[in-house]
Q: 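Handing you this structure, nothing more for now.
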Amino acid sequence: PDDLPPDELTMEKAKELFLEGAAAAEGQRWQEASNLFLRSYELSHRESALLNYAVSLKELSRFVEARDAFDKLLREHQPPPEMAEKARVMRDEAAGKVAVRDLRGMDRDVTHEILVNGVAVPDEQQRPMRVDENPGPLRLRVIMPDSDEVFSWEGQAAAGERVLVDVQFEARDTSSIFESPLFWIVTGAVVVAGAAV
């Protein structure tokens, strides 16, 4: 195969990755399967690789990414009718398990810094702001720009659950230990005691 033209070599590699992904999926090694199908798709841009990548994500309970992969398949490709119908059904199943948080109370004219489980999420200034996540522990942090105001929220996101979260900013404690009056009182007592000795 090394003497094949570059395009054929690429497609041969994509086919090999796809077959390895199929074997991993058959063995229910979904993380491995998702990686292999994604690599196959990146090389080939074949609908079957993208469909199987989306299915693997769904099996891993990565419903947001699975939904988005099914959407990409249906939007950017023209799969055969049977494949398209299968993709629509699985897309709706995945979308139904996405946990949604609607963030209310944020100023429409301000672009906030938003972190979901430590990952930055762009603020597109739609209010209330919709945050889609996979089920499981969920940590939200909304920071007002050029300010010391922050909102934090933690909870458990259930599959398919939609919750309204009121964003209420509070001032962050940005003072250092050196700015604390208690520090100076304790330190002063140590110095006075030292002087007495």
Side-chain angles (χ1 to χ4, degrees), residues 30-39 41-42 50 53-76 87-88 90-190:
W30 296 111
Q31 185 60 57
E32 182 184 347
S34 71
N35 294 337
L36 291 163
F37 287 131
L38 176 60
R39 288 172 51 211
Y41 176 71
E42 288 169 343
L50 183 54
Y53 171 60
V55 170
S56 300
L57 292 173
K58 184 172 172 284
E59 290 295 330
L60 288 166
S61 299
R62 290 166 56 184
F63 301 117
V64 175
E65 296 151 286
R67 176 201 62 193
D68 294 348
F70 286 122
D71 283 344
K72 180 181 176 99
L73 172 67
L74 295 167
R75 184 180 61 247
E76 296 181 14
R88 278 189 205 92
M90 288 190 291
R91 183 258 179 230
D92 290 346
E93 288 173 2
K97 294 186 178 179
V98 170
V100 178
R101 295 295 177 267
D102 290 307
L103 308 184
R104 180 173 68 181
M106 294 160 50
D107 189 336
R108 185 180 298 276
D109 299 324
V110 175
T111 302
H112 299 81
E113 181 183 343
I114 301 164
L115 299 171
V116 179
N117 290 338
V119 177
V121 173
D123 180 2
E124 297 172 355
Q125 295 179 302
Q126 293 180 351
R127 304 293 185 256
M129 180 177 167
R130 177 182 168 135
V131 175
D132 291 353
E133 266 306 308
N134 294 314
L138 186 59
R139 293 183 328 276
L140 293 171
R141 190 166 168 83
V142 182
I143 302 167
M144 183 79 78
D146 304 321
S147 168
D148 64 351
E149 293 182 290
V150 67
F151 169 77
S152 295
W153 183 91
E154 289 189 30
Q156 192 72 17
E161 175 185 63
R162 188 164 194 157
V163 173
L164 183 64
V165 177
D166 278 314
V167 176
Q168 298 177 356
F169 292 98
E170 295 178 6
R172 281 188 281 190
D173 182 13
T174 57
S175 62
S176 72
I177 188 169
F178 299 109
E179 294 171 1
S180 166
L182 181 61
F183 171 81
W184 292 110
I185 293 167
V186 172
T187 304
V190 172

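If you read the sequence from its start, that first residue is 1, and numbering goes on from there.
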Q: According to salt bridge (charged side-chain N to carboxylate O under 4.0 Å, His left out), who are the partners of Glu113, at least two apart in sequence or on a separate chain?
A: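 By the salt bridge (charged side-chain N to carboxylate O under 4.0 Å, His left out) rule, Glu113 matches no residue at all.
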Q: Would Val110 and Met106 count as a side chain to side chain contact (heavy atoms under 4.5 Å, CB included) here? Give the steps.
A: CA-CA 8 Å; Val110 175; Met106 294 160 50; over 6 Å; no
Q: Shortest non-hydrogen contact from Tyr53 to Ser34?
A: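 So the two residues come closest at CD1-O, 3.2 Å.
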Q: CZ of Phe70 to CD of Glu93: how many Å apart, nearest 0.5 Å?
A: 8.0 Å
Q: Could you give me the CA-CA distance, side-chain angles and deciding distance for Arg91 and Lys58, then say whether side chain to side chain contact (heavy atoms under 4.5 Å, CB included) is met?
A: CA-CA 9 Å; Arg91 183 258 179 230; Lys58 184 172 172 284; over 6 Å; no
Q: Can you find a pair of side-chain heavy atoms, one from Lys72 and one from Asp68, that are under 4.5 Å apart?
A: no
Q: Check whether Arg127 reaches the backbone of Asp107 with its side chain - one donor and one acceptor, N or O, closer than 3.5 Å.
A: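 Side chain of Arg127 to backbone of Asp107, a donor-acceptor pair under 3.5 Å: yes, one is there.
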Q: Heavy-atom count check: over 12 atoms from other residues, nucleotides or ligands less than 6.0 Å from Glu76 CD?
A: yes
Q: So Glu133 and Arg139, do their side chains get closer than 4.5 Å, heavy atoms only?
A: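 Heavy-atom side-chain distance check fails, nothing below 4.5 Å.
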Q: Report the residues that fulfil salt bridge (charged side-chain N to carboxylate O under 4.0 Å, His left out) with Glu42, sequence neighbours left out, ordered by chain and then residue number.
A: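 Partners of Glu42 under the salt bridge (charged side-chain N to carboxylate O under 4.0 Å, His left out) test: none.
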Q: Do you know the tightest heavy-atom contact between Ser56 and Phe37?
A: OG-CD1, 3.5 Å
Q: Can you name the nearest heavy-atom pair linking Ala66 to Ala54, along with the distance?
A: CB-O, 3.7 Å
Q: Determine, for Asp102 against Arg104, whether the closest basic-nitrogen to carboxylate-oxygen distance falls under 4.0 angstrom.
A: no
Q: Given 3.5 Å as the limit, does a donor-acceptor pair link the side chain of Asn134 with the main chain of Val64, or not?
A: yes
Q: After noting the C-alpha distance and the side-chain angles of Met129 and Val142, does the key distance pass the side chain to side chain contact (heavy atoms under 4.5 Å, CB included) rule?
A: CA-CA 11 Å; Met129 180 177 167; Val142 182; over 6 Å; no
Q: Is it the case that atom CD in Gln156 sees more than 12 heavy atoms from other parts of the structure closer than 6.0 Å?
A: yes
Q: Between Asp132 and Val100, is there a donor-acceptor pair closer than 3.5 Å when you use the side chain of the first and the backbone of the second?
A: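 Not confirmed, Asp132 side chain does not pair with Val100 backbone.
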Q: Give the intermediate values and the outcome of side chain to side chain contact (heavy atoms under 4.5 Å, CB included) for residues Glu149 and Glu170.
A: CA-CA 5 Å; Glu149 293 182 290; Glu170 295 178 6; over 6 Å; no
Q: If you take all heavy atoms of Arg108 and Gln125, which pair is closest and at what distance?
A: O-NE2, 3.4 Å
Q: What closest approach, in Å, do Ala157 and Arg101 show between heavy atoms, and which atom pair accounts for it?
A: CA-NH2, 3.3 Å
Q: At what distance, to the nearest 0.5 angstrom, does CZ of Arg130 lie from CG of Leu103?
A: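 Nearest 0.5 Å value for the CZ-CG distance: 11.5 Å.
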Q: Once the angle between the rings of Phe169 and Phe151 is folded into 0 to 90°, is it parallel (under 30°), tilted (30 to 60°) or perpendicular (over 60°)?
A: perpendicular
Q: Could you tell me the separation between the CG atom of Asn117 and the CZ atom of Arg141, rounded to the nearest 0.5 Å?
A: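 Between Asn117 CG and Arg141 CZ, I get 13.0 Å after rounding to 0.5 Å.
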Q: What pair of heavy atoms forms the shortest contact from Pro135 to Phe63, and how long is it?
A: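 Closest approach of Pro135 to Phe63, heavy atoms only: CD-CD1, 3.6 Å.
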